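Letters go in sequence order (proteins before strands), and every chain restarts at 1. Here the structure is a predicted model, which is why all the values come from computation and not from measurement. Heavy atoms only: backbone and side chains are in, while hydrogens, waters and symmetry mates are out.
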There are 2 protein chains.
Amino acid sequence: MDAKTKAKYDARAKIIKALAHPSRLYIVDMLTEGEKCVCELTEKIGADMSTVSKHLSILKGAGLVSDEKRGTQVYYTLSIPCVLTFFGCIEAVLKDSALRQVEMSGACRR
Amino acid sequence: MDAKTKAKYDARAKIIKALAHPSRLYIVDMLTEGEKCVCELTEKIGADMSTVSKHLSILKGAGLVSDEKRGTQVYYTLSIPCVLTFFGCIEAVLKDSALRQVEMSGACRR
DNA sequence: CATATATTTGGCATTATAGCCAAGTATTAA
DNA sequence: TTAATACTTGGCTATAATGCCAAATATATG
């Protein structure tokens, strides 16, 4: 892999890595309803606020969310709506895997 | 996050994690052209074959690729074409980030 | 059978991630 | 100014991911 190709896939991987965590996926999903403050996200996730804050900074660093401070609270918003198209495909992969498992077990029974 | 919600996002995260690596993204991209043997992928990536083999087993474990042995070679294929829709969005995120950076530097100059 | 090629697996050292606590910053309110 | 709330950052430990080498497996070929 030459340097240019590597840079291309490194950049893409950075964004996907930012999404590669259950809490961060949950955050993205919640943000599809509209902006949310850290406190609300923290409550729903059920982790330490510092942990959630770090998750948010990873998403922000990847350019997936943006933040706005209003008073003492910080509100996060999805920057790029197309992230949603991900979930449809992910679900397709999961369904396909489930289907394969059923087929496998069926084949073994005969 | 209750157990059911956690399971849902864990499952999704597992698939996204499988994609969250430059070499694996490169593999997926190469497989869009059609099936490829491990030797060819290894050559293009330029890593140890054992490393590439492990990457492939991660993709396979996530249900993203399937393999078929023919003779002494193993050919890998993309299982689910919608993975491609990912890249479009990823590029959109990257472009958006680049745009923001330009805007920022412009704002500072004035 | 011996050898060569293609691939996978085990093992290990290195590095990266995750998550909690404690401490720091910022804003609001008393 | 003091106190309270919301959030971020630093630091630390635990766990997971990466990548190479060596060894094991499978298949083809002489």
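Whole-Å rounding puts the Asp48(B) CG to dG19(D) P distance at 11 Å. Following rounding to the nearest Å, Tyr9(A) (OH) and dT18(D) (P) show an atom-to-atom distance of 17 Å. One atom, NZ of Lys60(B), and another, C1' of dT9(C), lie 13 Å apart when rounded to the nearest Å. Here the P atom of nucleotide dA6(C) and the OH atom of Tyr75(B) are 10 Å apart, to the nearest Å. At whole-Å resolution of the value, CD1 in Ile27(B) and C1' in dT18(D) are 13 Å apart. dT18(D) atom C1' lies 9 Å from atom CZ of Arg24(B), rounded to whole Å. Rounded to whole angstrom, the span from the CD1 atom of Ile58(A) across to the C1' atom of dT8(D) amounts to 13 Å. For the pair Leu19(B) CG and dT18(D) P, the interatomic distance rounds to 12 Å; values are reported in whole Å.
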Its contact letters, B for base, S for sugar-phosphate only and - for none at protein heavy atoms under 4.0 Å, make nucleotides 23-30 of chain C read ---SSS--
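Under 4.0 Å is where a charged nitrogen must lie from a carboxylate oxygen, and between Lys44(A) and Asp29(A) no such pair does. Between Lys95(B) and Glu91(B), no side-chain nitrogen of the basic residue sits less than 4.0 Å from a carboxylate oxygen of the acidic one, so the salt-bridge criterion is not met. Lys14(A) and Asp10(A) are not joined by a salt bridge, as no carboxylate oxygen comes within less than 4.0 angstrom of a charged side-chain nitrogen.
Put simply, His55(B) has a side-chain N or O that comes within less than 4.0 Å of OP1 or OP2 on dG19(D). Between Ser50(A) and the phosphate of dC20(C), there is no side-chain N or O to OP1/OP2 separation shorter than 4.0 Å.
Checked by atom type and distance alone, the side chain of Ser57(A) pairs as donor or acceptor with a backbone atom of Lys54(A) at under 3.5 Å. No donor-acceptor pair closer than 3.5 Å links the side chain of Arg24(A) to the backbone N or O of Leu59(A). In terms of modelled atom types and a separation under 3.5 Å, the side chain of Ser53(A) and the main chain of Met49(A) share no donor-acceptor contact.
In terms of position along DNA chain D, the nucleotide closest to Gln73(A) lies nearer the 5' end than the nucleotide closest to the other residue of the pair Lys17(A) and Gln73(A). Both Met49(B) and Lys54(B) lie near DNA chain C, and the one whose nearest nucleotide falls closer to the 5' end is Met49(B).
Here the straight-line distance linking atom CG of Leu19(A) with atom CD1 of Ile16(B) works out to 5.5 Å at 0.5 Å rounding.
When distances run from any side-chain atom of Thr51(B) to the nucleotides dT9(D), dT7(C), dG19(D), the shortest one goes to dG19(D).
If you check every strand for non-hydrogen atoms under 4.0 Å, Tyr76(B) touches sugar and phosphate atoms only.
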